[in-house]
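In what follows, a structure is listed as structure tokens, so that the remarks can point back to it.
Note that this is a predicted model, so its numbers are computed, not measured.
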Amino acid sequence: MSRNPYAADATDADDAVVRFDDVSMRYGRAPETLRDLTFSLPQGSFHFVTGPSGAGKTSLLKLIYLAAQPSKGLLHLFGQNVAQAPLDVRPFLRRRIGVVFQEFRLLDHMSAFDNAAVPLRIAGAKPDSYRQDVAELLTWVGLKDRMHALPPTLAGGEKQRLAIARAVVGRPDILLADEPTGNVDHEMGLRILRLFLELNRLGTTVLIATHDQDLVARSGKPILHLEDGRLVHMGPVPQGFGG
Amino acid sequence: MSVIFDPARWRPAAFLPERDTRDSALVFVVAVLCFMACLTALGVIAADRAARGWSDQLSGEMTVIVRPKANETPDSAAGRAAETLAGVPGVAEARALEREKAEALIAPWLGDVADLADLPVPRLVAVTLSRETPATAEALERALRTRGLDAVVDDHTTWLADIQRGAAIARWLGIGVFLLISAAAAAVVAFATRAGLAARREVVELLHLTGAEDAFIARLFQARFARMAAGAGLVGAAAAAALGAGLRLAGGGQGLTPVLPVAWSDLLAVLPCPLAAALVAAVAARLTAANLIRELA
Ligand SMILES: Nc1ncnc2c1ncn2[C@@H]1O[C@H](COP(=O)(O)OP(=O)(O)OP(=O)(O)O)[C@@H](O)[C@H]1O
Ligand SMILES: [Mg+2]
């Protein structure tokens with residue numbers, strides 16, 4: 001068994017923005033959904049989370065965006081032990097994390113433009129300081145003509161692109177995306193990948209849960225492969241993987 | 001079909017939907033509660049004024065019953081008493097009531113007596129006290145005794161205590177009802193906040209996950225329900241004021257409402273209602289929302 005260069009250990013550098021130490025997680029009294037995960041994501045890294053449906057990809061992301069808590073083990077974000085972070089610090093940790101939810105979670109009563117601006121408003125920015133950025137971002141993801149539209153009137157792919165725009169609008173330190181190319185065609189999938197790579201180039205740590213083997217292969221980025229709640233592989237895609 | 005969207009003209013939308021279907025029923029209930037609270041306030045004010053009016057009247061006058069002695073006619077005894085009392089400091093006016101008046105006063109108790117003239121009917125002297133330094137009953141009695149008059153001073157202040165006790169009870173009852181209505185309004189808003197949070201769970205969750213602080217989310221509900229309650233309070237207060245104005249026009253000091261005299265200035269009492277309703281709603285919504293958000297997290 002080769003030594004995993006990503007595994008967290010005592011000598012791990014401080015630049016890990018996400019660090020799992022023997023972390024398990026369960027929903028209520030159910031058996032553990034995630035088991036004994038140990039890994040770390042260095043600042044500026046780019047990984048995919050792969051694995052069959054039900055393997056625990058979404059659950060892993062939930063731990064990082066603080067929608068769930070480990071039942072065991074230690075989780076560090078930005079060098080901070082999350083379990084010990086005071087309740088009033090958690091909102092500020094969340095603001096450094098952009099999330100593309102698997103089910104989008106758009107606010108149906110707000111226009112696409114308003115939805116995209118939510119993270120900036122929550123962070124306390126003034127409309128005049130960001131309206132142009134939001135418009136450019138929406139144009140970039142191909143929603144130029146849909147800025148005024150309410151989410152229920154958007155097509156699946158448009159919703160997805162809006163969810164992505166909202167996740168990246170605040171220039172988060174960590175970008176988490178759950179099946180971000182599930183509803184878009186090949187062409188748009190590549191565009192989205194390029195956006196993520198661009199953000200990553202600017203320093204954002206990216207973690208994307210996906211079934212899309214083609215996307216993973218094209219990116220050339222390493223994977224965390226989950227099976228039945230366990231991390232079975234971390235690193236470059238193995239030869240003949242997923243075939 | 002493409003509508004031109006100009007980002008430069010964009011104004012952020014409210015995080016909570018402007019209109020929820022529940023609202024009209026809630027506005028109605030809160031408006032009714034405010035209406036009742038305002039009526040209670042008007043009632044308390046009017047009762048207070050009535051009590052003050054009566055006690056002013058009572059503390060401003062006394063009645064003296066003069067019993068003529070054997071060597072004196074009732075008329076001259078009453079006249080002498082009136083003269084004596086008028087000289088007492090603190091008495092503004094003392095007036096002997098005529099024989100007919102005295103007889104008219106006691107006739108109901110005697111029935112159809114053949115000739116009242118044969119009875120030694122006591123005479124009454126009505127005393128009006130001066131407003132600033134009213135004379136006491138003892139002072140009047142002392143003055144009458146020194147002049148050798150057999151007389152009893154009927155001090156109305158015994159009634160005064162009863163009236164004031166009655167007024168105090170009415171006041172406390174009013175305050176109690178008022179507090180009860182406020183508590184009911186708070187409970188209704190708390191209930192509505194809970195329903196609103198449940199209905200807007202997806203909004204609350206998204207804001208929470210995007211890094212909104214609990215207080216920020218609670219404030220959204222607080223602002224929303226405060227605005228609703230202020231509007232409902234305005235409607236309730238206006239309705240109560242209209243009813244009060246109707247009573248004033250219909251009866252005023254006498255007429256329809258002789259026991260509860262409404263003055264135009266009383267209607268001002270409904271003015272704080274919208275503010276008070278907004279305050280109660282804001283506190284109830286804030287506390288409820290903060291609790292529920294803490295549970296959610
Ligand atoms: N809220 C929940 N309550 C209870 N069990 C849950 C909950 N969410 C997920 N699970 C269970 O946890 C396991 C992992 O689910 P998860 O959503 O993390 O899988 P996934 O890898 O994201 O799957 P998919 O590829 O289908 O999105 C599944 O067995 C699922 O049934
Ligand atoms: Mg999933």
Side-chain angles (χ1 to χ4, degrees), chain A residues 62 65-67 69 87-99 101 103-128 130-136 138-139 143-150 153 163 166-167 169-170 172 176, chain B residues 1-24 192-193 195-225 227-228 286-287 289-297:
Chain A
K62 273 189 189 170
Y65 64 75
L66 303 179
Q69 286 171 2
L87 277 183
D88 55 347
V89 167
R90 288 165 161 261
F92 296 93
L93 290 177
R94 289 193 182 98
R95 287 181 200 180
R96 300 176 65 181
I97 304 171
V99 187
F101 299 98
E103 67 282 22
F104 311 141
R105 297 193 185 221
L106 300 170
L107 301 184
D108 287 348
H109 67 282
M110 285 183 168
S111 68
F113 197 92
D114 273 301
N115 268 283
V118 164
L120 301 170
R121 288 175 66 187
I122 286 177
K126 293 274 164 286
D128 283 329
Y130 60 73
R131 62 177 82 230
Q132 216 46 53
D133 296 348
V134 172
E136 276 166 25
L138 286 174
T139 304
L143 292 175
K144 186 181 194 317
D145 297 326
R146 306 294 279 147
M147 292 190 202
H148 63 280
L150 297 178
T153 69
R166 184 182 62 189
V169 74
L176 305 175
Chain B
M1 112 128 220
S2 167
V3 180
I4 304 300
F5 178 83
D6 181 5
R9 300 245 289 274
W10 171 77
R11 294 267 140 254
F15 280 121
L16 294 175
E18 282 301 340
R19 279 235 152 268
D20 272 356
T21 45
R22 265 169 257 272
D23 274 5
S24 57
T193 307
L197 260 162
R200 297 293 155 205
R201 199 188 169 92
E202 79 283 354
V203 180
V204 172
E205 274 182 6
L206 180 87
L207 296 180
H208 180 72
L209 291 176
T210 311
E213 292 170 278
D214 292 357
F216 175 89
I217 300 172
R219 265 200 305 275
L220 296 179
F221 285 88
Q222 170 188 326
R224 184 199 174 84
F225 283 105
R227 198 142 28 91
M228 178 279 301
R286 179 64 174 271
L287 293 179
N291 264 333
L292 288 173
I293 293 165
R294 209 170 310 126
E295 273 170 36
L296 184 141

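- With a threshold of 4.5 angstrom between heavy atoms, A:Phe104 does not approach chain B through any atom at all.
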Practice item. Go through the steps to decide whether B:Leu209 and A:Phe101 satisfy the test side-chain contact (heavy atoms from CB on, under 4.5 Å), and finish with yes or no. Key: CA-CA 11 Å; B:Leu209 291 176; A:Phe101 299 98; 3.8 Å; yes
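- For the atom pair CG of B:Asp6 and CE of A:Met147, the computed distance is 9.5 Å after rounding to the nearest 0.5 Å.
- A:Asp108 has its side chain out of reach of B:Glu202: every pair of non-hydrogen atoms, C-beta onward, lies at least 4.5 Å apart.
- A salt bridge links B:Glu213 and A:Arg95; the closest N-O separation between the charged side-chain nitrogens and carboxylate oxygens is under 4.0 Å.
- At a 4.5 Å heavy-atom cutoff, the contact between B:Leu16 and chain A is made by backbone atoms alone.
- Taking the side chain as every heavy atom from C-beta outward, B:Leu206 and A:Val118 approach each other to under 4.5 Å.
- Contact check for B:Phe15 versus A:Arg121: side-chain heavy atoms found under the 4.5 Å cut-off.
- When A:Arg166, A:Arg90, A:Gln69 are compared by the number of non-hydrogen pairs under 4.5 Å with chain B, A:Arg166 comes out ahead.
- In this structure the side chain of B:Arg11 reaches within 4.5 angstrom of the side chain of A:Arg131, judged on heavy atoms.
- Interface residue A:Ala117: only side-chain heavy atoms are found under 4.5 Å from chain B.
- Heavy atoms closer than 4.5 Å to chain A are found in the backbone of B:Ala14, but not in its side chain.
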